[in-house]
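Quick caveat, the model's predicted, so the values are computed rather than measured. Every chain is numbered from 1 and lettered A, B, ... according to where its sequence line falls, protein lines coming before strand lines.
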Amino acid sequence: MSVLCIDVFGDGVSITVSSEIMLKVRLPDGKVLEYSRRVRPLDVAEEIGPRLAKATLAAEVNGQILGVDSYLPEEGEVSLRLITKKDSEALNVLRHSCAHIMARAVMRVFPGVQLAFGPTIENGFYYDFELEHALSEEDFPKIEAEMAKIVKEDEAFERVEMEHEQAIKFCEDLKQSLKVEHLSAGLKDESKVSFYRQGEFIDLCRGPHIPSAGAVGAFKLLSVAGAYWKGDSTRQQLQRLYGTAWFSKEDLEAYIAQVEEAKRRDHRVLGRQLQLFMIEPNVGSGLVFWLPKGAVIRRELENFLYGELIRRGYQPVYTPVIGNVHLYETSGHYPYYKDSQFPPITMEDGDMYLLRPMNCPHHITIYKSQPRSYRDLPLRLAEFGTVHRFEQSGELNGMTRVRGFTQDDAHIFCTEDQVADEFRGCIEMTQLVLQTLGLSDYRVRLGFRDPDSEKYVGSPEVWDKAEAALVHVCRDMNLSNVSVEKGEAAFYGPKADFVVTDCIGREWQLGTVQLDYNLPSVQRFGLQYIGADNTPHQPVMIHRAPFGSLERFVGVLIEHFAGAFPLWLAPEQVRVMVVTQKVEDYGRAVQKRLSEAGLRVTGDYRAEKIGAKIRAAQLELIPYMFIIGAREAEEGKIAVRDRLTGDLGAMPLEEAIAKLQQEVREKTIRQVAKGSAGLGRKNEANAY
RNA sequence: GCUGCUGUAGCUCAGUCGGUAGAGCGCGUCCUUGGUAAGGACGAGGUCAUGGGUCCGAAUCCCAUCAGCAGCUCCA
C-alpha cells in the first residue's frame, strides 16, 4: 500500500494519504483532523476510482485551500510541498491556474490559437499566444465572460503525466507547434513531462494548480502587448495577454486602487504639474530639461552628497564630456557598445570623438597623469559626471530611462588590502543616502560571477578573493536583505546593487558599488602604483554611485514622496499670503526676511480670497504657508499653516523661521501618507 | 529596435454619418478686500503632431514620418 506524505511548507501542517483514500491532516498544534468529504483530493479520486495515482491532489479543509499539487505515489512515501493559502505562493498557484483558464477562454473565442507560455508574475499572470487576430481591449469582455463561465463551472485541474515522446506526439495531434518545439528543445532531457487538463483544455505544465477553477475569487484582464517567443528578439513576436487574479473581490479592488495610486504618483505626470522637469522632442527624446523647481531639488541633493564626499576624503574633479575614441577603445567599451552610443564625431583629419558613455576612462586618465605611490592610495576621484547613451527609443521612460544623465560618480583607486574598507565606506555612504531620504526599504543584491561562464575577466583566485571580501563586509556590517546572485556581476568584477522598494511597493535599482580588476590591468589601462617594496603593483578600482543617476533618483523620489518633498528639498518651502491687500507691505517685509533667512519663499498678493490662495498652495504641495491678516500685521506675527496638519495658529516670525530652519537642517521627513498623491484629489482635505 | 494603442488650446479632455473646432482648469483685464481648499464678469489663446493621398469638401478615411504610452528586447 503506497502512502503519500505531504510536507507542509511553512506552518507545519502535514497530510498523509494512503492509496485507500485515507487522509489525515495534522495541524501545527498537533491536532489531527480525520479526512472528510470536504477534502478535495478525495472527491477527485473517487471520480476516477482506481486511477487515484493520476488524480490531482489538493487539500481543502473547511473551505480553506490548504495546499495543492499532485503526484503519483509510486512506491513508499513521496514528499510533496503543500502550500497554504497564507503563503504568498498560494496566490501564484491561483494565478497560474487563472492563466490556464484565460488560455482556455481565448481558445474558445479564437479557435486555432497557438499556446506559448503562461507564467505568473508579480501581481498577476500572462499567457503568450500566437494568433492572426490582433487582440485588443475590445476583446477583453468576451474573454472575461468566457473565463467567468469556466470559473463558475468549477471543473477540477487534473494532472496527466506522459513519456517524452508520447507528449510530443500528443502536442502534434493538438497542433500546438510551439509546445512541440519546447518539448524537443527546452525539455529534451526530461524523460517524463506533465500536463494539466481542465475540461476540454489540456496544457503542458509543471504545476501545481488549484484543485478546481472555482477557487479563483476575482480576476481581471489588464492589457495586451507584444513579446518575443522565448524572449529572443530575433524570433517571432507573440501576443501577450496580462491579467490578475485574487482570492477575493476585495483583494482585487485593493490591487486596482494601488495601481491607480501609482498612476497618480507617476513622476512624468507630477513632473509636469509641479514644473520640475520637461522633455522636448524637438530637442531630443530622452534629454531632460531640469526646470527651476526641479533644479532646486537636484542642487540640494548634490550639495548634500558633496558634503559627504568631502567628509569621506573624496576629491571632486571635473572632466570633459567628450573624448577621443582611443580612450574608449582602450577601456573596451568601443566598439563593443557601439549600438548604444551616440555615433562619434569625425574630424577632417580623421580623429574621432565620442560623447562619453561613462566617466571611468576620464578619471583613469587623471590617475595615470602622474606616478602614484602606495602612500597616495586610496585615491578617490568624484564627479557629478554627465554621460550620454543612445538607448533604443522604446526603452526611454521619463526621467528613469534617458539618453543623457548625470551620475554621482566616483572611482576609488586602492590596493587590494584596502578593498574591504573602501567597499564598506561606499556601502555606508549609500546607506546614509537612502536613510536620509526615507528609502529604508531596500535589499542589497550581490552580483557574483557565474563560474561556468567565460565572459568574465581575471583569474578565479582574484574573483574568489573579491567576492569573499564583499560577503565579509556585508556580514560584518550586519546587512539584512543581502542576496547573492550568480551571473549578475559586471564583466570586470563583482558588485553590490541597492534595490530600493518605494512606498507603494515598486522596486528600483539605484545605487551601485562595483569592484573592478579589469580596467587597471595591463590589457586595458595598465595602472600602477609603487608599493612599499619599491616595485610596481596594479591597483584595484571601485566604481560607485549612491544615487545611480540624478535623473533616475529624482524620478524615483518624485514618486516616493508623491511630489511632496521634505522641507530641505522642497523647491518652494514657504508661501506668504495676505488675507487682504491692505497688509501687502507687511507681507512683503515678511517674505524678504524669510528670504534673508535662507528659505525659499514666494508671496501670493493677488486680489483673491484667502481660501483660494491656500488651495493653490496646497495643490502645489508647498510645505508651509505664512498667512497674514490685519491681526498679524498689528501684532507683528504670522499665522502658520502646515500643509499636512493645517492651521498652527499665530506665532512670532522669528520663532517660525527657527522652526523651519531646524526642519531643513535635520532633513526631517514628515509622514509620507500612503494613499495620498497630493495633486488632483478633490474634496478630500484629510488626505493631505 | 519589435508588437499594439494614442497624438485636438499651456494642462485634462469632448467633437455623432466627412461639411474648415468646443468645455473645464490655467492665463490676461476689470469688479470684489476677504480669516484657513475654488468670489464674479469679460477676454485672449488652436495650420486639429508633420507630410502625402482619397474626396466637391478631411480633426474625422488611407499611407508614411515623428513623438508619447503599455509591454517585449536592451541597460557599460
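- Separating the C1' atom of B/A44 from that of B/C27 is a span of 9 Å, rounded to the nearest Å.
- Annotation: B/U32 and B/G22 have their C1' atoms spaced 30 Å apart (nearest Å).
- Among the atoms of the strands shown, none is found under 4.0 Å from any heavy atom of A/A617.
- One C1' atom belongs to B/C48, the other to B/G39, and the distance between them is 35 Å to the nearest Å.
- Checking B/G35, B/A38, B/C75 against every side-chain atom of A/R401, the shortest atom distance belongs to B/C75.
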Along nucleotides 26-34 of chain B, 5' to 3', which nucleotides get a B, which get an S, and which get a -, given that the test is a protein heavy-atom distance under 4.0 Å? ------BBB
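- A cation-pi geometry, defined here as NZ or CZ lying under 6.0 Å from the six-membered ring centre and within 45° of its normal, does not hold between A/R641 and A/F626.
- Figure legend. B/A14 is base-paired to no nucleotide; pairs are counted as Watson-Crick or G-U wobble with both atom distances under 3.5 Å.
- Nucleotide B/A9 has no partner under the Watson-Crick or G-U criteria, as no pair reaches both atom distances under 3.5 Å.
- We find that A/D450 and A/K486 are not joined by a salt bridge, their nearest charged nitrogen and carboxylate oxygen being 4.0 Å or further apart.
- The base-pairing partner of B/A76, taking Watson-Crick or G-U wobble contacts with both distances under 3.5 Å, does not exist among the strands shown.
- Look at the P atom in both B/A49 and B/A9: the space between them is 8 Å, to the nearest Å.
- B/A76 atom C1' lies 9 Å from atom NZ of A/K495, rounded to whole Å.
- Residue A/A630 is in base contact, counting any heavy-atom pair closer than 4.0 Å across all strands shown.
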side-chain contact (heavy atoms from CB on, under 4.5 Å), that's the test. Do A/F413 and A/L381 meet it? Break it down for me. CA-CA 8 Å; A/F413 302 85; A/L381 300 178; 4.0 Å; yes
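- Residues A/R240 and A/S223 bring no donor and acceptor atom of their side chains to less than 3.5 Å of each other.
- Among the nucleotides B/G1, B/G35, B/C74, the one closest to the side chain of A/E391 is B/C74.
- Look at the P atom in both B/G18 and B/C61: the space between them is 8 Å, to the nearest Å.
- Minimum heavy-atom separation, A/L567 to A/Q573: O-NE2, 2.9 Å.
- When the P atom of B/G35 is taken as reference, atom CE of A/M625 falls 18 Å away, rounded to whole Å.
- Across all strands shown, the partner of B/U3 is B/A70, judged by Watson-Crick or G-U wobble contacts whose two distances both fall under 3.5 Å.
- Residues A/G398 and A/S233 both approach RNA chain B. Their nearest nucleotides, taken by heavy-atom distance, put A/G398 toward the 5′ side.
- Side-chain polar atoms of A/W229 and A/E130 form no donor-acceptor pair below 3.5 angstrom.
- Ring to ring, A/F498 and A/W508 are not that close: their centroids are 6.0 angstrom or more apart.
- The base of B/G1 sits within donor-acceptor range of the side chain of A/Y228, with an N or O pair under 3.5 Å.
- What separates CG of A/L241 from P of B/A70 is a distance of 18 Å, to the nearest Å.
- Ring planes of A/F277 and A/H267: parallel class, angle under 30° (limits at 30 and 60°).
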Intermediate values then yes/no, side-chain contact (heavy atoms from CB on, under 4.5 Å), A/F110 and A/L135: CA-CA 10 Å; A/F110 301 101; A/L135 289 170; 3.6 Å; yes
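- Relative to the side chain of A/R240, the nucleotides B/C72, B/G1, B/U36 differ in distance, and B/C72 lies closest.
- Across every strand in view, B/U65 sits in a pair with B/A49 that passes the Watson-Crick or G-U test at under 3.5 angstrom.
- What separates CD of A/E130 from C1' of B/C72 is a distance of 15 Å, to the nearest Å.
- For B/C27, the paired base is B/G43 (Watson-Crick or G-U wobble, both distances below 3.5 Å).
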Whether each nucleotide of nucleotides 11-16 of chain B has a protein heavy atom under 4.0 Å at its base (B), only at its sugar-phosphate (S) or at neither (-) is summarised, 5' to 3', as SS----
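- Heavy atoms of A/E632 sit under 4.0 angstrom from at least one base atom.
- One interatomic measurement links the two molecules: CD of A/E137 to P of B/U3, which rounds to 19 Å at whole-angstrom precision.
- What separates CD of A/E395 from P of B/G71 is a distance of 13 Å, to the nearest Å.
- With both ends at atom C1', the span from B/G24 to B/U20 equals 25 Å, rounded to whole Å.
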Run the numbers on A/R356 and A/L327 for side-chain contact (heavy atoms from CB on, under 4.5 Å), then give the verdict. CA-CA 10 Å; A/R356 72 173 169 197; A/L327 197 56; over 6 Å; no
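- In this structure, A/G646 reaches neither bases nor backbone, as no heavy-atom distance under 4.0 Å exists between it and the strands shown.
- To the nearest whole angstrom, the two P atoms, one in B/U8 and one in B/U16, are 15 Å apart.
- Judged by distance alone, with hydrogens and angles left aside, the side-chain atoms of A/Q581 form a donor-acceptor pair with the main-chain N or O of A/Y605 at under 3.5 Å.
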N/O-N/O pairs, protein side and nucleotides 66-68 of chain B side, under 3.5 Å:
| unit_1 | atom_1 | unit_2 | atom_2 | d |
| --- | --- | --- | --- | --- |
| B/A67 | O3' | A/S285 | OG | 3.4 |
| B/G68 | OP1 | A/S285 | OG | 3.2 |

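- Comparing A/N397 and A/G629 along RNA chain B, the residue whose closest nucleotide (by nearest heavy atom) sits nearer the 5' end is A/G629.
- Between A/H411 and A/Y367, the distance from one ring center to the other does not fall under 6.0 angstrom.
- With hydrogens and angles ignored, no donor-acceptor pair closer than 3.5 Å exists between the side chain of A/R389 and the base of B/C74.
- Counting any heavy atom pair closer than 4.0 Å across all strands shown, A/Y126 reaches no nucleic acid atom.
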Chi angles and distances behind the side-chain contact (heavy atoms from CB on, under 4.5 Å) call for A/L221, A/I143: CA-CA 9 Å; A/L221 298 189; A/I143 298 168; 3.7 Å; yes
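- Taking atom CG on A/L648 and atom P on B/U36, their separation rounds to 15 Å, with Å as the unit.
- Pairing partner, B/C55: none, since no Watson-Crick or wobble contact has both distances short of 3.5 Å.
- Distance from the side chain of A/Q514 is smallest to B/A76 among B/G35, B/G71, B/A76.
- Separation of the C1' atoms belonging to B/G40 and B/G34 is 14 Å when rounded to the nearest angstrom.
- Partner assigned to B/A38 is none, using Watson-Crick or G-U wobble distances below 3.5 angstrom.
- Remark: A/R235 fails to qualify as a cation-pi partner of A/Y228 under the 6.0 Å distance and 45° angle criteria applied to the six-membered ring.
- Rounding to whole angstrom units, CG of residue A/L131 and P of B/U3 are separated by 16 Å.
- Panel note: side chain A/R403, backbone A/E391; a donor-acceptor pair is recorded below 3.5 Å.
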